[in-house]
Engineer: 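Provided herewith is a single structure, encoded as structure tokens, for subsequent inquiry.
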2 protein chains.
Amino acid sequence: MTSLGGGSGERDGETATASRIRDAAIARFARDGFRAGLRTIAADAGVTAGLIVHHFGSKDGLRRACDEQVLEFMRREKEKALTDGTGTMLLAQMAQVEQFAPMVQYLLRSMQAGGQLAAQLIEHMIGDAEAYLSAGEAAGVVRPSRDRAARTRYLAYQATGSMLLWFTLHGADAEPEKFPVLFRRYMEELALPALELFTEGLLVDRSMLDEYLMYVPDPPSTPDNAADSDGTAS
Amino acid sequence: MTSLGGGSGERDGETATASRIRDAAIARFARDGFRAGLRTIAADAGVTAGLIVHHFGSKDGLRRACDEQVLEFMRREKEKALTDGTGTMLLAQMAQVEQFAPMVQYLLRSMQAGGQLAAQLIEHMIGDAEAYLSAGEAAGVVRPSRDRAARTRYLAYQATGSMLLWFTLHGADAEPEKFPVLFRRYMEELALPALELFTEGLLVDRSMLDEYLMYVPDPPSTPDNAADSDGTAS
DNA sequence: CACCAGATTAAACACTTGTTCAATCACCCG
DNA sequence: CGGGTGATTGAACAAGTGTTTAATCTGGTG
């Protein structure tokens with residue numbers, strides 16, 4: 001196999017070898033984490049370590065190229081499938097495709113490490129969830145919230161974070177071929193409690209919520225909360 | 001200050017220097033992650049790198065000692081405060097105490113890396129949540145679930161995972177002194193949507209849940225789900 | 001005091017890391 | 001064919017890693 005036919009081709013101004021290196025790096029970073037050495041990646045791509053820095057400047061440059069590739073891949077795929085508002089479903093679908101699994105795994109690794117890609121991705125997901133939840137509200141299937149932006153962020157963090165933690169603890173590090181089945185297991189384990197919580201809630205009465213609403217002076221709409229730049233300076 | 005009076009003293013059979021090294025390691029691991037070098041930790045503790053391996057055998061031995069210390073610290077603290085069933089409140093309280101903040105931060109690092117401590121901790125939290133939710137059900141304030149064990153795991157992963165992700169993305173790495181205020185910000189941002197979701201749910205009608213219950217053949221109780229025996233074995 | 005065990009150190013070791021450098025190779029243009 | 005340009009290599013470098021080893025220091029016991 002000289003080139004992966006499906007997901008990853010050369011970007012403009014990129015030689016075939018460079019993109020091969022980049023793909024090998026994504027796969028290796030996904031498998032071993034970002035502490036993987038340049039020589040290992042070079043061996044995967046059938047080249048030398050020196051050539052990598054010749055093409056990408058440095059290891060950090062290589063990682064930036066990987067980030068960009070994964071992000072653009074996500075952008076492309078997003079239009080081909082409907083999300084459930086949190087991106088979890090989208091990721092689950094992509095992880096089933098053997099070709100795309102490394103990308104998803106790279107993404108998880110990126111979130112473990114907390115890079116810029118992770119932040120961008122989360123913001124994307126929040127944006128999608130915002131649209132999705134708004135549509136749901138308009139259609140009358142989603143309850144309105146007292147603070148829509150806060151709820152959107154909350155749901156996105158919940159969905160993504162729990163998935164991240166689950167994979168971290170269940171050793172998604174190990175064999176990449178286990179990844180798709182792990183993903184399915186996660187979804188199966190999660191579906192019922194999630195649906196229960198979303199349709200029926202957890203608590204029987206409203207006392208805790210009402211107490212909180214009584215206690216907190218801040219009214220529903222806080223425009224500066226959506227930006228999340230700094231917010232509370234005290 | 002020769003010894004930290006509050007949280008960390010010598011354990012039995014441990015010299016004062018050893019515990020000083022261990023505490024320095026916890027703080028340094030919390031600050032820089034587990035890739036922190038032995039020489040850095042040694043400098044923090046005012047000793048040499050060789051002495052560390054003399055006392056702990058290896059870097060991994062040192063990390064095991066740190067894990068054990070943090071875990072035992074958590075065990076001790078757990079009895080002094082009521083949890084909200086997920087451990088989040090407990091962590092939030094502890095993070096406010098300047099002395100304990102490194103422990104909490106070490107814990108987050110441990111979950112980022114996915115070690116054994118993280119798995120143990122999550123199991124602890126799930127156990128606590130189990131008891132707490134059961135008590136809530138008995139008291140009539142928590143709705144019963146069709147699969148209590150699955151819901152418990154789900155809630156624990158949600159709470160812990162979203163917190164982990166939030167801190168990873170909001171740069172809890174940087175300044176340790178920012179950690180307590182970051183924690184408070186997280187709780188404030190989270191409280192309203194969480195309470196809303198827990199008391200009112202997200203969806204207006206039950207169609208999605210009913211569809212799922214119709215579609216899935218598996219009845220509520222799956223005994224092998226509660227144990228989750230294999231864990232991180234690979 | 002002599003002696004020993006443990007704490008502690010400084011230096012070296014073997015290894016990996018990312019990066020640099022000069023040399024070679026391949027190919028395209030004139 | 002000549003020449004130049006970028007791809008590519010292998011070796012070297014400097015810095016860092018965890019670990020080992022021999023030596024020194026220290027304190028308690030006979």
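Because the structure is predicted, anything quoted here is derived from the model rather than measured. Protein chains get the first letters and strands the later ones, always in sequence-line order, with residue 1 at the start of each.
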Engineer: List the steps, then state whether side-chain contact (heavy atoms from CB on, under 4.5 Å) holds for Leu51(B) with Thr17(B).
Structural biologist: CA-CA 10 Å; Leu51(B) 188 62; Thr17(B) 311; 4.2 Å; yes
Engineer: Under 3.5 Å, is there any donor-acceptor pair linking the side chain of Arg39(B) to the base of dG16(D)?
Structural biologist: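 Result: no qualifying N/O pair found.
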Engineer: Mind calculating the distance between CG (Leu51(A)) and C1' (dT19(C)) to the nearest angstrom?
Structural biologist: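 The answer, rounded to whole Å, is 14 Å.
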Engineer: Does OP1 or OP2 of dT8(D) have a side-chain N or O of Thr17(A) closer than 4.0 Å?
Structural biologist: yes
Engineer: Please check: side-chain N/O of Ser162(A) versus main-chain N/O of Gln158(A), any donor-acceptor pairing under 3.5 Å?
Structural biologist: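 Checking the backbone N and O of Gln158(A) against the side chain of Ser162(A), a donor-acceptor pair under 3.5 Å is found.
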Engineer: Which whole-number value in Å describes the distance from Ile21(A) CD1 to dT8(D) C1'?
Structural biologist: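 Atom CD1 in Ile21(A) sits about 10 Å away from atom C1' in dT8(D).
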Engineer: Ser58(A): which residues meet the side chain to side chain donor-acceptor pair (under 3.5 Å) condition with it, sequence neighbours left out?
Structural biologist: none
Engineer: Can you tell me the distance, in whole Å, between the CD1 atom of Ile52(A) and the C1' atom of dT19(C)?
Structural biologist: 12 Å
Engineer: My understanding is that only residues two or more places apart in sequence, or in another chain, count here; which of them pass ring-ring contact (aromatic ring centres under 6.0 Å, His included) with Tyr154(A)?
Structural biologist: none
Engineer: Checking all strands, does Arg35(A) fall into the base, sugar-phosphate, or nothing category for heavy-atom contacts under 4.0 angstrom?
Structural biologist: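 Answer is nothing: Arg35(A) stays at 4.0 Å or more from every strand.
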Engineer: Taking CZ from Phe29(A) and P from dT17(C), how many angstroms apart are they, rounded to a whole number?
Structural biologist: 12 Å
Engineer: Tell me what Ala36(B) touches on the nucleic acid: a base, only sugar-phosphate, or nothing, going by heavy atoms under 4.0 Å.
Structural biologist: sugar-phosphate
Engineer: CZ of Phe34(A) versus P of dG18(C): gap in Å, rounded?
Structural biologist: 13 Å
Engineer: Find the distance between CD (Glu123(A)) and CG (Leu169(B)) and round it off to the nearest 0.5 Å.
Structural biologist: 8.5 Å
Engineer: Separation of Arg63(A) atom CZ from dT19(C) atom P, in whole Å?
Structural biologist: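 Roughly 13 Å, once rounded to whole Å.
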Engineer: So Phe167(A) and Phe183(A), would you call those rings parallel, tilted or perpendicular, with 30° and 60° as cut-offs?
Structural biologist: tilted
Engineer: Specify the residues of residues 54-62 of chain A, ordered by number, for which at least one heavy atom lies under 4.0 angstrom from an atom of DNA chain C.
Structural biologist: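 Those residues whose heavy atoms fall under 4.0 Å from DNA chain C, taken from residues 54-62 of chain A in numerical order, are Ser58(A), Lys59(A).
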Engineer: In whole angstrom, what separates Ile41(A)'s CD1 from dT16(C)'s P?
Structural biologist: 16 Å
Engineer: Between Lys59(A) and Val53(A), is there a side-chain heavy-atom distance shorter than 4.5 Å?
Structural biologist: no
